[in-house]
Colleague: 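Before we start, here is the structure in question, set down as structure tokens.
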Number of protein chains: 2
Amino acid sequence: MRGGDAGGLRAFNERRVIDAVLRAGALSKAEVARATGLSGQSASVIVERLVEQGLLAKGDKVRGRGQPSTPVSVAGSGAFSLGVKIGRRSVEARLIDLTGETVAERATRLEAPLPGPVMEAATGQARELLEAMSPAHRARLCGVGLALPGEMDAWADELGAPKAALAGWRAVDPGAMLAAATGAEVSVFNDAAAACAAEMLTGEALEAGCALYVHVGAFIGAGVVLDGRLYRGARLNAGALGSMPLAGRVPGAKGRQLIHAASGVGLARRLRAAGIDVTRAMAGLGGAEADAQFADWLAGAAPALARAVVSAMAVIDFEAVAIDGVLPPAWRLRLLDATHEAVLRFDRTGLSPAELREGTIGGEARVLGAALLPLQARFSPEPDLLINRRRARAAAGPTALDPAPGFEAPSPHLDRWRS
Amino acid sequence: MRGGDAGGLRAFNERRVIDAVLRAGALSKAEVARATGLSGQSASVIVERLVEQGLLAKGDKVRGRGQPSTPVSVAGSGAFSLGVKIGRRSVEARLIDLTGETVAERATRLEAPLPGPVMEAATGQARELLEAMSPAHRARLCGVGLALPGEMDAWADELGAPKAALAGWRAVDPGAMLAAATGAEVSVFNDAAAACAAEMLTGEALEAGCALYVHVGAFIGAGVVLDGRLYRGARLNAGALGSMPLAGRVPGAKGRQLIHAASGVGLARRLRAAGIDVTRAMAGLGGAEADAQFADWLAGAAPALARAVVSAMAVIDFEAVAIDGVLPPAWRLRLLDATHEAVLRFDRTGLSPAELREGTIGGEARVLGAALLPLQARFSPEPDLLINRRRARAAAGPTALDPAPGFEAPSPHLDRWRS
DNA sequence: GATTAAATCAACCGATCTGATTTATTTGTT
DNA sequence: AACAAATAAATCAGATCGGTTGATTTAATC
């Protein structure tokens, strides 16, 4: 419930203040007042309280005309968040602080995406990271974000995995298991949506308020950003771009959905069939032979992806489309260019133009997004509102950040942390 | 801005109260308190103020156990809204009151969608309707909604209209002209989006919080509802379904976009070519020959529309898809069924299921939506939040103020297309 | 007469606002 | 170099507004 009574009003304005500070990087109390429209007095009271709570930190005085101002910025150790990413080929976990900096991380590669080993890895990593935190810091964990594919058991044949083994996922509730293992609140996101959030928040590709972020991982998916807010979908299944129907048969594809023409496993299958080391190739070290295989894959993938992008534009008038994923940067760029070229061959009458851009984060976007999203939910004035911190910080110039000693001020407002 | 200071808090809670009353049809003060979470005292004060403002009206006391309660419901004459719809074949205007009842309306058929005559008709109709209002009522006009196609000058060849004449639209700002003519605030919507809002608010087809509403008019477009909110798009161009790429050539279609395979003008062209009176046919009086032409059109239109629907589902996991438009009900139903059948032939792995339903309003949905949207913007706790009044009213049972125009039995098409 | 629940009354609280005041610095003048 | 004026942040004190709490009244049924 937003607003309602005095307490809700205060909570709302606190978020607006944090939001303003995050956007600007650092603001004096007077600037906070101007940025939020609050009176100077209220801004002062709220800032003071947030400093006491350890969420904001005062920097060195800045002298100008008149009384020097004391800038405040977000305190790194004011809050922490844990992100866990479950994929079909790996499990990762990452602990970040309020500024988005990585505190610690873990990663495990998988042979097959079977429920048992995967969940063991995920819960194990999460527990390890949490146990390494000081108690004071652990008390400031504001949530756990879990990013995973929409359906772990779909497209088993595409994976080359036994269908029966994957069916075990239907009986598993990864969110609940992670919650049980960590004792923290877990929010679940589609993996591509999480990656999308990371690109919005810390990447450079998406400045638009309305964007489609395509992520090529083992499969292919997308995140949808509308009015600066991540749209997760009524059933967390927005951006299921892999299910987009193809126009017809694509050579080498087993089915009639985008995933059969443009996915990481499809590319890997080709590489493996040609006797190429997939891991090396995906690290950009495959050489000419890998490039040739990639070009083959690209010839089918790019037009199919282009059709998907154009189709998506007919549903939502995205201002920007980013393409990212686990591909090595050189290949990612070629995919972007080829897709762009293919998009231009479509009749786009009636569609608003969109900018096609290369993602800037890559495969790690998913864990990072999983970690960032609980922070957003806790501190942004609107749930799902994505504010780019890096860009905002850069614009504001470097500031004195985070003195942040042991806080632990048992202020009455700290227990509003849960709400 | 939402919240902020005491005044904002009051405004927000007032909207919540109106929202609660609209949803329930009629509520006592105590029920308002329970529905909103406000204290009884606040609910009482707010309701009393809204009654004083003429937005709510007290009904007859209801006796039960304890002190009789006085139900309040929204007062029809508490606010008015004017909707104007500009189309390629007609211009319509409609004045409605706060309950959504039509007060007065106008309509003009057009020969060709040329800027001059169209805008003259639109501003003329609007002025007429406003001048017929009493001064007291006119003071309660809360806005003018304008629904029009995204690009009046696109697809000129499909219309059989001279391209040069249509290009005149680029120099025209219909919203500004209407604002100048009426002196009221004008909000502009895509025509399909407006129709979508009407279906959400007063229709029966869309109960889901997340839906796609396809409207077949002269061309074809769609409205997008996300989390109960109408999504207009960053450039008001969400749901540009007509631009969805086709899989290949469709017999009889001139181009490679959905609009070339499934549009009202395409159907009309066929009918005319067969020597059939289009107006009669569109009124459902075309006879067997018209039916045969329709079947031909349908054979190309339905699969193309099905592909568009499946593609849309891969972008947003719509829970429901409605198909509506200017077609006579029998044809609309056939379009729905044929589309449904075609959808089932697609591989839908990885997509969440959606319910495919028939729209319940038809061609007038666009004006109605244009009229309803300013009311929503003014009285709903969140902008763009769509609350179905009719359904809510029905659920609450008949109330003192409910004019209860015997609306039709529900049970529209209830097909689930899931494997 | 007891019970029930709506409606109301009166005192209080919390968050923000307004307007005046203080403070520390730069700028301009003598 | 010394001093006054200008500037703008920060703060203080009182007022306002909206919502809450808890007790009280009212009008019906059981």
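Because only heavy atoms are used, hydrogens play no part in the values below, and waters and symmetry mates are left out as well, while side chains stay in. Per chain, numbering begins at 1; letters A, B, ... match sequence-line order.
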Colleague: So, is B/S44 near the phosphate of C/dA7, with a side-chain N or O under 4.0 Å from OP1 or OP2?
Modeller: no
Colleague: Under 3.5 Å, which protein N or O atoms sit close to an N or O of nucleotides 2-5 of chain D? Give each pair with its distance.
Modeller:
none

Colleague: Would you kindly say whether B/R16 and B/T36 are connected by a side-chain donor-acceptor distance under 3.5 Å?
Modeller: no
Colleague: What distance separates A/R232 CZ from A/S187 OG, expressed to the nearest 0.5 Å?
Modeller: 6.5 Å
Colleague: What distance do A/E101 atom CD and A/T202 atom OG1 have between them, rounded to the nearest 0.5 Å?
Modeller: 9.5 Å
Colleague: Can you name the nearest heavy-atom pair linking B/V186 to B/L178, along with the distance?
Modeller: CG2-C, 3.9 Å
Colleague: If I compare all heavy atoms of B/I96 with all of B/L372, which pair ends up nearest, and what's the gap?
Modeller: CD1-CD2, 3.6 Å
Colleague: Among all residues two or more places apart in sequence or in another chain, which pass the ring-ring contact (aromatic ring centres under 6.0 Å, His included) test with B/F80?
Modeller: B/H137
Colleague: Please report the shortest heavy-atom distance between B/E14 and B/I46, naming the atom on each side.
Modeller: CG-CG2, 3.8 Å
Colleague: If you fit an axis to the five pairs at each end of the helix from C/dG1-D/dC30 to C/dT30-D/dA1, how big is the angle between those two axes, to 10 degrees?
Modeller: 10°
Colleague: Rounded to the nearest 0.5 Å, what separates atom CG in B/L201 from atom CG in B/L206?
Modeller: 10.0 Å
Colleague: With sequence neighbours left out, write down each residue that passes salt bridge (charged side-chain N to carboxylate O under 4.0 Å, His left out) with A/E48, or none if nothing qualifies.
Modeller: A/K29, A/K58
Colleague: Testing the basics here: between B/G25 and B/S73, what is the closest heavy-atom pair and its distance to 0.1 Å?
Modeller: O-CB, 3.1 Å
Colleague: Mind listing the closest non-hydrogen atom pair of B/F12 and B/P381 along with its distance?
Modeller: CE1-O, 4.1 Å
Colleague: Quick one: which protein N/O atoms are closer than 3.5 Å to N/O atoms of nucleotides 13-19 of chain D? Pair and distance per line, please.
Modeller:
{"from": "D/dG19", "atom 1": "OP1", "to": "B/N13", "atom 2": "ND2", "distance (Å)": "2.7"}

Colleague: Protein within reach of the bases, or only the backbone? For nucleotides 25-30 of chain C, mark each nucleotide 5' to 3' as B, S or -, using heavy atoms under 4.0 Å.
Modeller: BSS---
Colleague: Begin from the C-alpha positions of B/R235 and A/E319 and carry the test side-chain contact (heavy atoms from CB on, under 4.5 Å) through to its verdict.
Modeller: CA-CA 8 Å; B/R235 284 154 297 181; A/E319 295 173 296; 3.5 Å; yes
